[in-house]
Amino acid sequence: MTELLNIENISVHFPSPGGRVVRAVQDVSLSIAEGETLALVGESGSGKSTLGYTVAGLQPPTSGTLRFEGVPLTSRTWPAARRKIQIVFQDPFGALDPRMPISSTIAEPLLIQRIGTSASRMARAEELVQQVGLPRDALNRYPHEFSGGQRQRIAIARALSPNPRLIVADEPLSALDVSIQSQVLNLMKEVQEKLGLSYLFISHDLAVVNHLVDRVAVLYLGRLVEVGPREALFGKPAHPYTEALLASVPRIGRKRARNAGAIKGEMPSPLNPPTGCVFHTRCPRAQPMCSEVVPVLEAVAGQGAHQAACHFKE
């Protein structure tokens with residue numbers, strides 16, 4: 001598969017009062033191929049959304065390099081790439097301008113990019129509302145007139161309007177009722193198959209991830225702790241943090257003790273991350289060396305595509 005996006009040693013730091021630094025993302029390297037869906041998973045505060053915003057060009061990295069279609073993304077090259085990388089936010093109502101009719105909302109990225117004429121932009125909006133399963137009369141209505149699921153369809157249509165190659169989907173289902181989530185998930189699959197899109201799918205819900213993605217990347221306190229094909233990672237996770245996340249996913253027909261597999265303690269502050277392995281303060285396998293040496297992300301049992309950063313990976 002041809003590589004579309006390369007994330008190389010990306011770190012994102014934020015200044016904090018007192019001269020301290022929040023290390024939201026630390027030295028993360030990943031790639032996404034054409035037509036592939038890569039999931040970013042982890043607890044709140046793990047750095048998922050920050051990395052997603054960096055990929056979408058909404059947050060500059062502190063260090064590291066992003067390459068899209070083989071070209072490093074810099075202030076000079078970002079304008080040309082921006083049309084090809086779009087984002088769908090978690091809250092569809094907050095992401096849509098309540099003063100704009102849906103036709104203008106969907107066409108706005110084309111207007112910003114100076115693509116087409118007024119007539120062609122409206123024609124594109126009409127095409128897209130039908131593609132995402134909404135009636136044509138939706139074009140003249142406003143966001144408050146739609147349900148949460150319909151608004152997310154509108155947000156997806158807006159992201160599709162400039163014909164992107166990569167969509168960053170930041171928790172796109174979490175604000176929706178469970179009964180609606182599957183409909184939006186199926187829509188995303190259909191659109192991907194039709195258009196050959198790639199997704200960076202950010203989620204804390206591993207049950208959803210298991211039905212959509214090709215590969216999974218697990219973040220903890222800003223660091224990448226495991227990455228691999230969905231089947232390998234779900235079938236035999238190598239990192240204890242991934243094991244704990246998977247153990248917390250409810251499964252039909254399986255009884256488990258209360259709090260079984262639960263991660264003990266709280267995630268440390270990114271203002272003062274632990275030395276060595278950032279997970280060692282909560283890890284059941286932790287040994288003295290874990291607090292001193294940062295583990296390297298390396299292949300699991302000779303599987304180059306499945307990697308974990310753990311001194312005692314299984």
Side-chain angles (χ1 to χ4, degrees), residues 1-14 21-43 45-74 77-78 81 84-85 87 165-170 198-203 209 213-230 232-233 237-239 241-242 245 270 273-279 293-311 313:
M1 298 177 71
T2 303
E3 183 179 86
L4 181 66
L5 174 75
N6 181 269
I7 302 168
E8 184 178 346
N9 303 120
I10 286 291
S11 294
V12 183
H13 299 167
F14 300 103
V21 175
V22 176
R23 293 172 173 81
V25 176
Q26 190 68 24
D27 197 30
V28 170
S29 295
L30 286 167
S31 64
I32 301 177
E34 292 180 352
E36 181 184 39
T37 299
L38 173 69
L40 278 180
V41 303
E43 296 170 280
S46 62
K48 306 186 302 296
S49 291
T50 299
L51 182 57
Y53 293 163
T54 302
V55 169
L58 302 179
Q59 171 61 52
T62 303
S63 61
T65 304
L66 291 172
R67 286 184 172 84
F68 186 74
E69 297 179 325
V71 178
L73 293 179
T74 64
T77 58
W78 250 117
K84 301 178 183 180
I85 304 175
I87 186 167
R165 300 196 66 196
L166 172 67
I167 289 182
V168 177
D170 184 22
S198 298
Y199 288 131
L200 178 60
F201 191 88
I202 299 168
S203 180
V209 165
V213 309
D214 301 298
R215 288 189 301 131
V216 181
V218 184
L219 290 181
Y220 181 81
L221 205 61
R223 285 193 177 271
L224 184 62
V225 297
E226 186 166 2
V227 60
R230 175 183 56 80
L233 194 139
H239 197 282
Y241 180 58
T242 310
L245 291 177
T275 58
C277 174
V278 289
F279 188 59
V293 182
V294 177
V296 177
L297 189 73
E298 56 187 5
V300 176
Q303 304 176 49
H306 186 190
Q307 300 175 307
C310 180
H311 296 303
K313 56 182 169 289

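The analysis underlying the following values was restricted to heavy atoms, covering all of them including side chains, and did not include hydrogens, waters or symmetry mates.
The aromatic rings of Phe279 and His239 lie tilted to each other, with the angle between the two planes from 30° to 60°.
We find the CG-CD distance between Leu297 and Glu226 to be 9.0 Å, quoted to the nearest 0.5 Å. To the nearest 0.5 Å, the span separating CD1 on Ile85 from CD1 on Ile167 amounts to 11.5 Å. Note that CG of Leu66 is 11.0 Å distant from CG of Asn9, once rounded to the nearest 0.5 Å. Atom CZ of residue Arg215 and atom OG1 of residue Thr37 lie 10.5 Å apart, to the nearest 0.5 angstrom. Distance check: Ser49 OG to Leu58 CG gives 11.0 Å after rounding to the nearest 0.5 Å. Here the OG atom belonging to Ser63 is positioned 6.0 Å from the NE2 atom belonging to His13, to the nearest 0.5 angstrom.
Of all non-hydrogen atoms in Ser198 and Leu4, the two that sit nearest each other are OG-CD2, 3.5 Å. Across all their heavy atoms, Leu221 and Pro274 have their closest contact at CD2-CD, 3.6 Å. Ala217 and Leu224 make their closest contact through CB-CD1, 3.7 Å (heavy atoms, listed as atom of the first residue, atom of the second, distance). Nearest heavy-atom pair across Ala24 and Phe14 is CB-CE1, 3.6 Å. Contact between Pro61 and Val12 at its shortest, heavy atoms only, is CA-CG2, 4.2 Å. Across Leu51 and Val25, no two heavy atoms sit closer than the pair N-CG2, 4.0 Å.
Counting only heavy atoms from C-beta outward, the side chains of Leu40 and Leu30 approach each other to under 4.5 Å. The side-chain heavy atoms of Arg223 and Val294, taken from C-beta on, include a pair separated by under 4.5 Å. For the pair Val55 and Leu166, the minimum side-chain heavy-atom distance is below 4.5 Å. Side-chain contact check for Ile87 versus Tyr53: some heavy-atom pair is nearer than 4.5 Å.
Checked by atom type and distance alone, the side chain of Lys48 never pairs as donor or acceptor with a backbone atom of Phe201 at under 3.5 Å. Remark: the backbone N or O of Leu233 is not paired with any side-chain donor or acceptor of His306 at under 3.5 angstrom. A donor-acceptor contact shorter than 3.5 Å links the side chain of His311 to the backbone of Val293. A donor-acceptor pair under 3.5 Å is absent between the side-chain atoms of Asn6 and the main chain of Ser31, judged by distance alone. Not a single donor-acceptor pair under 3.5 Å links the side chain of Lys313 to the backbone N or O of Val300. The backbone N or O of Asp27 lies less than 3.5 Å from a partner atom in the side chain of Ser11, making a donor-acceptor pair. The backbone N or O of Asp214 sits nowhere less than 3.5 Å from a side-chain atom of Glu36 that would complete a donor-acceptor pair.
One finds a salt bridge joining Lys84 and Glu69 here, because a Lys/Arg side-chain nitrogen approaches an Asp/Glu carboxylate oxygen to under 4.0 Å. Residues Glu3 and Arg67 are not paired through a salt bridge, judged by the lack of any N-O separation under 4.0 Å between the basic side chain and the carboxylate.
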